[in-house]
Amino acid sequence: MGKALFLALSFFFVLFAAVNSSGFEEKDLASEESFWDLYERWRGHHTVSRDLNEKDRRFNVFKENVKYIHSFNKKDTPYKLKLNKFADLTNREFRSLYAGSRVSHHRMFRGSQPANGSFMYEKVTAVPPSVDWRKKGTVTDVKDQGQCGSCWAFSTVVAVEGINQIKTKKLVSLSEQELIDCDNTDNQGCNGGLMEYAFEYIKKNGGITTEENYPYTGEDGSCIPSKENSHIVSIDGHENVPENDEDALIKAVANQPISVAIDAGGSDFQFYSEGVFTGECGTDLDHGVAIVGYGTTLDGTKYWIVKNSWGGEWGEKGYLRMARGIAAKEGICGIAMEASYPLKSSPNPAKKGAASPSKDEL
């Protein structure tokens with residue numbers, strides 16, 4: 001009797017957790033009134049401010065999104081969706097505000113990668129079964145780009161922070177805002193950009209400063225030369241991972257965090273909550289992110305660990321796991337199409353008035 005009661009309670013709690021992982025319960029969908037109550041609770045949690053006319057329109061968008069999430073989570077899929085800060089945006093609005101970096105546009109003008117470009121990890125013959133650079137102290141906290149198409153800058157910074165920590169054993173949070181304000185020869189700030197251009201800017205500029213020195217504002221601004229010239233971390237250039245090659249990509253990720261671009265404009269990305277993402281998406285690259293590891297679930301599903309820049313409440317505390325090795329050659333959502341990483345062997349710039357860098361700071 002005791003064992004039966006225990007199993008019944010266990011089932012109840014699992015079911016309860018599954019229902020609440022969406023951010024709402026079945027009873028919240030029972031009537032227009034309960035939908036409004038849910039909307040007001042959501043608004044209070046996300047401190048959303050709308051005028052009365054806009055609020056009515058947003059409620060209708062919110063209600064349709066709740067229905068979509070509820071319907072989706074009834075399916076037997078390896079990932080789930082939930083209400084988040086994007087819940088009263090249409091998918092078109094979401095794409096415009098948060099997945100509008102136009103990586104494909106910039107990539108088209110740059111041209112195809114050279115067929116004989118160097119790839120320093122080409123001769124790697126074996127990689128660990130799993131890697132998580134977060135556990136190695138190589139990844140800073142999740143950041144939030146806000147309503148600015150600056151994902152390319154965040155993707156770049158993750159990779160530079162990573163290689164700098166690997167080489168110096170010091171994790172330093174670097175400035176996306178410097179890239180937005182100062183790297184404007186080819187990149188376009190909140191209107192999108194390309195990680196390769198940003199790596200080139202950092203090399204040419206002699207380095208990049210810290211987030212603390214040049215904090216993020218979430219909007220285009222004028223470059224501040226005194227901060228731009230306060231170099232803290234430098235790189236020696238960058239390389240591309242061979243295009244459409246997940247085997248090459250895993251070799252690179254095994255050695256350092258990698259900047260990649262994906263097609264992230266779908267509704268399932270908008271509301272992704274947890275699990276290994278296997279959803280339908282194209283290869284119209286519109287969002288820059290960074291791969292900071294890989295692994296395999298207990299049931300054998302292979303995945304990439306991807307750091308996003310939509311804040312810590314989205315996804316798995318700001319991260320998502322994307323299926324690895326099950327899609328076409330370009331990888332799920334085009335993840336293997338536009339991968340690149342910074343090179344670093346030179347020491348960081350010496351701070352003014354400081355002694356010359358030691359060997360440990362290489």
Side-chain angles (χ1 to χ4, degrees), residues 13-14 16-24 42 45-46 65 68-70 72-87 89 94 98-99 129-146 151 154-155 157-159 161-162 171 173 249-250 253 257-281 287-327 331-335:
F13 285 120
V14 168
F16 181 79
V19 170
N20 280 278
S21 66
S22 303
F24 55 84
W42 175 85
H45 178 71
H46 293 283
N65 286 334
Y68 177 79
I69 293 168
H70 181 62
F72 179 89
N73 284 345
K74 289 182 177 180
K75 301 175 184 178
D76 182 20
T77 60
Y79 67 101
K80 297 299 179 184
L81 310 181
K82 71 174 181 180
L83 290 179
N84 56 29
K85 63 183 178 181
F86 306 134
L89 297 176
F94 167 75
Y98 296 96
S130 65
V131 168
D132 188 342
W133 287 107
R134 297 171 298 181
K135 296 179 180 179
K136 299 174 184 288
T138 308
V139 184
T140 58
D141 292 341
V142 170
K143 302 178 184 181
D144 192 341
Q145 69 186 69
C151 57
F154 285 83
S155 172
V157 161
V158 174
E161 290 171 342
L171 182 61
S173 184
L249 186 55
I250 199 170
V253 176
I258 304 296
S259 293
V260 295
I262 56 175
D263 181 343
S267 293
D268 289 4
F269 257 100
Q270 184 174 348
F271 301 117
Y272 168 82
S273 170
E274 60 185 354
V276 178
F277 183 86
T278 56
E280 294 183 6
C281 48
H287 189 53
V289 291
I291 303 179
V292 297
Y294 59 85
T296 306
T297 64
L298 293 176
D299 68 0
T301 303
K302 298 178 180 179
Y303 60 84
W304 299 110
I305 303 171
V306 178
K307 184 182 183 184
N308 202 357
S309 53
W310 293 341
E313 287 192 6
W314 180 88
E316 296 181 335
K317 297 183 178 179
Y319 290 86
L320 72 152
R321 286 177 289 162
M322 297 184 68
R324 172 170 59 92
I326 66 168
I332 190 169
C333 305
I335 197 169

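Nothing here was measured: the structure is a model prediction, and the numbers come from that model. FYI, the numbering just counts along the sequence from 1.
For the pairing with Trp304, the side chain to side chain contact (heavy atoms under 4.5 Å, CB included) check across Val260, Ile250, Leu320 returns one residue only, Ile250. Evaluated for a side chain to side chain contact (heavy atoms under 4.5 Å, CB included) with Tyr79, the options Asp268, Asn73, Val276 yield exactly one hit, Asp268.
Residue Asp299 qualifies as enclosed at atom CG: its count of foreign heavy atoms under 6.0 Å is above 12.
Side-chain contact of Ser173 with Lys143: a donor-acceptor pair under 3.5 Å is present, judged by distance alone.
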- Apply side-chain contact (heavy atoms from CB on, under 4.5 Å) to Ile332 and Cys281, showing your working. CA-CA 7 Å; Ile332 190 169; Cys281 48; 4.0 Å; yes
- Full working for side-chain contact (heavy atoms from CB on, under 4.5 Å) between Val158 and Val292: CA-CA 9 Å; Val158 174; Val292 297; 4.0 Å; yes
- Message: Run Lys307 and Thr140 through side-chain hydrogen bond (donor to acceptor under 3.5 Å, both in side chains) and show every step you take.
- Response: CA-CA 10 Å; Lys307 184 182 183 184; Thr140 58; 3.2 Å; yes
- Evaluate the side-chain contact (heavy atoms from CB on, under 4.5 Å) criterion for residues Cys333 and Phe277: first the C-alpha distance (whole Å), next the side-chain angles of each, then the deciding distance (0.1 Å), finally the verdict. CA-CA 10 Å; Cys333 305; Phe277 183 86; 3.8 Å; yes
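Residues Met322 and Ile262 have side chains in contact (heavy-atom distance under 4.5 Å, counting atoms from C-beta outward). With a 4.5 Å cut-off on side-chain heavy atoms, Asp132 and Ile305 count as touching. Side-chain contact check for Trp42 versus Phe24: every heavy-atom pair is 4.5 Å or farther apart. With contacts defined as side-chain heavy-atom distances shorter than 4.5 Å, the pair Val306/Ile335 qualifies. Counting only heavy atoms from C-beta outward, the side chains of Ile69 and Leu83 approach each other to under 4.5 Å.
In this structure, CD on Glu161 lies 14.5 Å from CH2 on Trp133, to the nearest 0.5 angstrom. Atom NZ of Lys135 sits about 7.0 Å away from atom OG of Ser130, to the nearest 0.5 Å. Going from atom CD of Glu316 over to atom CD of Glu274 covers 6.5 Å, rounded to the nearest 0.5 Å.
With hydrogens and angles ignored, the 3.5 Å screen pairs no side-chain donor or acceptor of Gln270 with any backbone N or O of Ala87. Between the side chain of Ser309 and the main chain of Gln145, no donor-acceptor pair closer than 3.5 Å is present. In this structure a side-chain-to-backbone donor-acceptor pair under 3.5 Å is missing from Ser273 to Leu81. Checked by atom type and distance alone, the side chain of Tyr272 pairs as donor or acceptor with a backbone atom of Arg321 at under 3.5 Å. Checking side-chain atoms of Thr296 against main-chain N and O of Gly300 turns up no donor-acceptor pair under 3.5 Å.
Residues His287 and Ala264 share a closest heavy-atom pair of CB-CB, 3.8 Å. Looking at every heavy atom in both residues, Val289 comes nearest to Ser155 through O-OG, 2.6 Å. Of all heavy-atom pairs spanning Ile258 and Val253, the tightest one is CG1-CG2, 3.7 Å. When all heavy atoms of Tyr68 and Ser267 are compared, the pair lying nearest together is CE2-CB, 3.9 Å.
Taking the charged nitrogens against the carboxylate oxygens, Asp144 and Lys85 do have a contact shorter than 4.0 Å, which makes a salt bridge.
Taking the ring axis of Tyr319 as reference, the NZ or CZ atom of Arg134 stays within 45° of it and closer than 6.0 Å to the ring centre. Annotation: cation-pi pair Arg324/Tyr303 absent, no NZ/CZ under 6.0 Å from the ring centroid and within 45° of its normal.
With ring centers used as reference points, Phe72 lies 6.0 Å or more from Phe271. Proximity of the aromatic rings of Phe86 and Trp310 is defined here by a centroid distance below 6.0 angstrom, and this criterion is met.
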